[in-house]
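Report on one structure; see the data block that follows.
Below, read A as the first sequence line, B as the second, and so on, with proteins coming before strands; counting in each chain starts at 1. The basis for the numbers below is simple: all heavy atoms, side chains too, and nothing from hydrogens, waters or symmetry mates. In this text the structure is predicted, and so the values were computed from the model without any measurement.
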Amino acid sequence: MLDRAILRKEPDRVRAAAKNKGEPCLIDEWLELDEIRRELLGETETLRRRRNELSKEVSFLKKEGKEADTQILESKETGRRIGAIETELNTVDTDMSQLELRFPNIPDTDVPIGSDETFNRIIESTGEIPSFSFVPRYHWDILGELLDREASGSIAGSNFILLRGWAARLQRVLINWMMDFHSSCGMEEVWMPFVANRESMTATGQIPKLEDDMYHIEKDDLFLVPTGEVPLTNIYRNSKLPEEDLPVKIFGYSPCFRREAGSYGKDTRGLNRVHQFEKVEMVRMVKPENSQAALKEMTGHVGRMLEELNLPYRISLLATGDLSFAAAKCYDFEVWSAGQEKWLEVSSISNFGEFQARRGNIKFKRSGGGKPEFVHTLNGSGLALPRIMAALIENGQTESGKVVLPEVLATRTGTEILG
RNA sequence: GGAGAGGUGGCCGAGUUUGGCUUAAGGCGUACGCCUGCUAAGCGUAUGAGAUUCACGUCUCCGAGGGUUCGAAUCCCUCCCUCUCCGCCA
């Protein structure tokens, strides 16, 4: 959610942001409602003030044992008028809030402007692209029956995955390794619910825009989390943190459920794009002046993870059109997967500024005093499992269809070669 | 799922029986000042959030939403959450 002061004073910025993000923008409707709202608000306040005065008079007169019929009559009439105006005011206010939920966050000034991912700017590329003396295979070919589509299909449906044997084991080892990695870097480990309610989804920005992309449990009006960002950020919804609690640095594992309507077709083979994937997510809440530095720190952190996994990667700064609804700035990490000969997105690290904090009412208070301010929130994947699996398998493959593990995983698995 | 008890400012906690000098007491904490060899104590002052306004101010907020009333923290209804006990269950 954007500051109402910005909507009011700088509608052009809001308009430009929406346009650059490819979102509709109903700012003119909002401004019109805002005028009406302020007018109505003024009227109710005058009337309320009068009613408060009358109430005091009645109270006083009754105590004196005097008549107060005139005052009671006026108060009654005033109450009726307040009621009428309030009904109108509520309608206007609800409409405004609905509109506000649909204004996307304003991208930072250094974000490249462009309609889609072709405008993303690659800012770094690290690691050596592996070469083979044979034709490298796709990970789904190497996995073979360890990626049991028949089983997952009959259990849940297409594009859900079921891993067996060493593939399942590799997934578990990877999750553990990631968790330990973050833990040793001084973040707090969190285990979270994998469903979230409507308020939580609205705070982080999935609702209203992405409601249809989520799995919904109608009976309880709960959603399966599309990312751990939702529970992790909502830990602090409606709270006011003392300054010394910042920065909040937390992480946790969660499965991520995405209906991804209309995503079937190419690029959905194997582990590339599935309805449920595993992810370890990092979330931060920082003081506004520190969010840029935090974003940088988080990208460095993820870079080190990929280096330990020995995966070649590149980082792009997303263009406005590829930036998510709630983000102000975002870096994407992609790893090279040798079989598919493609860059696969494995982590997004975003700064949301105060956008989510405003929606979720997450504030902090400076120890020197002053008004509570909104924190800045950030989050980043560290990392998303399926494509990391794909890249590890494709890059580490041998001619005989085995997989050589990077050292950090070999130590944990107890073997250097899987298969 | 059943029964009971609760939800009041950053925290604790009075007020709900009997609706109206509650404009939410009091305490803790915090900030500033006084005092002090230093610290603590003590004393004094200040201290919730939101909306609106250039400002003074005004209005709203006692878990959420409705209702009754001239007037609701207080009465009525619905819902949510927490705790205790019981039931069921991995």
Side-chain angles (χ1 to χ4, degrees), chain A residues 1-9 30-101 191-203 207 217-223 231 234-246 248 255 285 287 354 357-375:
Chain A
M1 200 149 38
L2 297 172
D3 190 347
R4 281 190 169 180
I6 292 180
L7 297 178
R8 219 167 265 151
K9 289 175 197 151
W30 187 90
L31 287 168
E32 222 168 282
L33 289 172
D34 187 45
E35 286 289 321
I36 297 169
R37 172 174 174 275
R38 277 190 282 180
E39 202 173 300
L40 292 174
L41 202 60
E43 285 181 47
T44 52
E45 281 185 14
T46 312
L47 291 171
R48 277 177 199 278
R49 182 182 184 178
R50 180 62 190 150
R51 185 171 66 177
N52 288 346
E53 284 165 6
L54 289 167
S55 193
K56 262 176 220 167
E57 280 177 43
V58 171
S59 170
F60 179 77
L61 288 170
K62 293 228 163 176
K63 243 165 233 148
E64 300 276 303
K66 292 179 186 161
E67 286 277 305
D69 290 355
T70 326
Q71 282 80 359
I72 288 177
L73 210 68
E74 190 188 341
S75 182
K76 204 169 192 170
E77 172 60 15
T78 309
R80 204 192 52 73
R81 286 171 64 197
I82 291 174
I85 297 175
E86 258 186 354
T87 310
E88 211 178 326
L89 187 61
N90 280 340
T91 313
V92 171
D93 213 33
T94 310
D95 290 350
M96 284 174 76
S97 306
Q98 291 302 316
L99 289 174
E100 279 166 49
L101 287 177
W191 196 274
M192 66 191 96
F194 299 153
V195 294
N197 58 27
R198 191 165 284 278
E199 294 73 42
S200 299
M201 290 299 176
T202 306
I207 289 178
I217 301 160
E218 213 170 311
K219 196 170 176 185
D220 302 295
D221 198 21
L222 290 171
F223 298 85
N234 277 283
I235 292 173
Y236 298 96
R237 182 155 48 91
N238 290 325
S239 52
K240 212 172 299 162
L241 299 159
E243 183 177 13
E244 58 267 26
D245 281 10
L246 299 179
V248 169
M285 319 241 154
K287 286 188 268 181
E354 61 174 37
R358 202 172 268 284
R359 287 183 162 226
N361 188 27
I362 307 171
K363 296 185 172 178
F364 78 102
K365 207 168 178 175
R366 296 190 192 267
S367 43
K371 288 233 165 207
E373 300 168 48
F374 289 110
V375 300

*Using purine N1 to pyrimidine N3 plus N6-O4 or O6-N4 for Watson-Crick, or N1-O2 and O6-N3 for G-U wobble, both under 3.5 Å, which nucleotide pairs with B/rU17?*
none
*Would you check, one step at a time, whether the test side chain to side chain donor-acceptor pair (under 3.5 Å) holds for A/T87 with A/N90?*
CA-CA 5 Å; A/T87 310; A/N90 280 340; 6.0 Å; no
*Of all the nucleotides listed (B/rG50, B/rG71, B/rA51), which has the minimum atom distance to the side chain of A/S55?*
B/rG71
*Atom CG of A/L47 and atom C1' of B/rG71: how far apart are they, to the nearest Å?*
16 Å
*Nucleotide of B/rG50, B/rG20, B/rG10 approaching A/S59 most closely (side-chain heavy atoms)*: B/rG20
*Provide the Watson-Crick or G-U wobble partner of B/rU47, both distances under 3.5 Å; none if there is no partner.*
B/rG29
_Could you tell me how far apart A/F364 (CZ) and B/rA49 (C1') are, to the nearest whole angstrom?_
16 Å
_Could you measure the distance from the CD atom of A/E32 to the CH2 atom of A/W30? Nearest 0.5 Å is fine._
12.5 Å
*Would you say A/L2 and A/E100 make side-chain contact, with heavy atoms under 4.5 Å?*
no
*Option from A/K76, A/E74, A/R49 for which side-chain contact (heavy atoms from CB on, under 4.5 Å) with A/L54 holds*: A/E74
*Should B/rC79 form a Watson-Crick or G-U wobble pair with both distances under 3.5 Å, which nucleotide is its partner?*
B/rG63
*Taking the side chain of A/K363 as heavy atoms from C-beta outward, which of B/rG20, B/rG50, B/rU53 is closest to it?*
B/rG50
*Where the side chain of A/K371 is concerned, which of B/rG50, B/rG48, B/rU52 is the nearest nucleotide?*
B/rG50
*So, is A/K62 close to the B/rG20 phosphate, meaning a side-chain N or O under 4.0 Å from OP1 or OP2?*
no
Check nucleotides 58-62 of chain B against the protein and report each pair of N or O atoms closer than 3.5 Å, with its distance, or say if there are none.
| unit_1 | atom_1 | unit_2 | atom_2 | d |
| --- | --- | --- | --- | --- |
| B/rU58 | O2 | A/E45 | OE1 | 3.1 |
| B/rC59 | OP1 | A/N52 | ND2 | 3.3 |

_Spacing of the C1' atoms in B/rC43 and B/rC56 (rounded, Å)_ = 34 Å
*Could you state the atom-to-atom distance from CG of A/N361 to C1' of B/rA64 in whole Å?*
15 Å
*Within a radius of less than 6.0 Å around CZ of A/R366, do more than 12 heavy atoms belonging to other residues, nucleotides or ligands occur?*
yes
*Start at the 5' end of RNA chain B and walk down; is the nucleotide closest to A/K76 or to A/R38 reached first?*
A/R38
*Which one, B/rA49, B/rG71, B/rU52, comes nearest to the side chain of A/P372?*
B/rA49
*Base, sugar-phosphate, or nothing: which does A/L41 touch, judged by heavy atoms less than 4.0 Å apart?*
sugar-phosphate
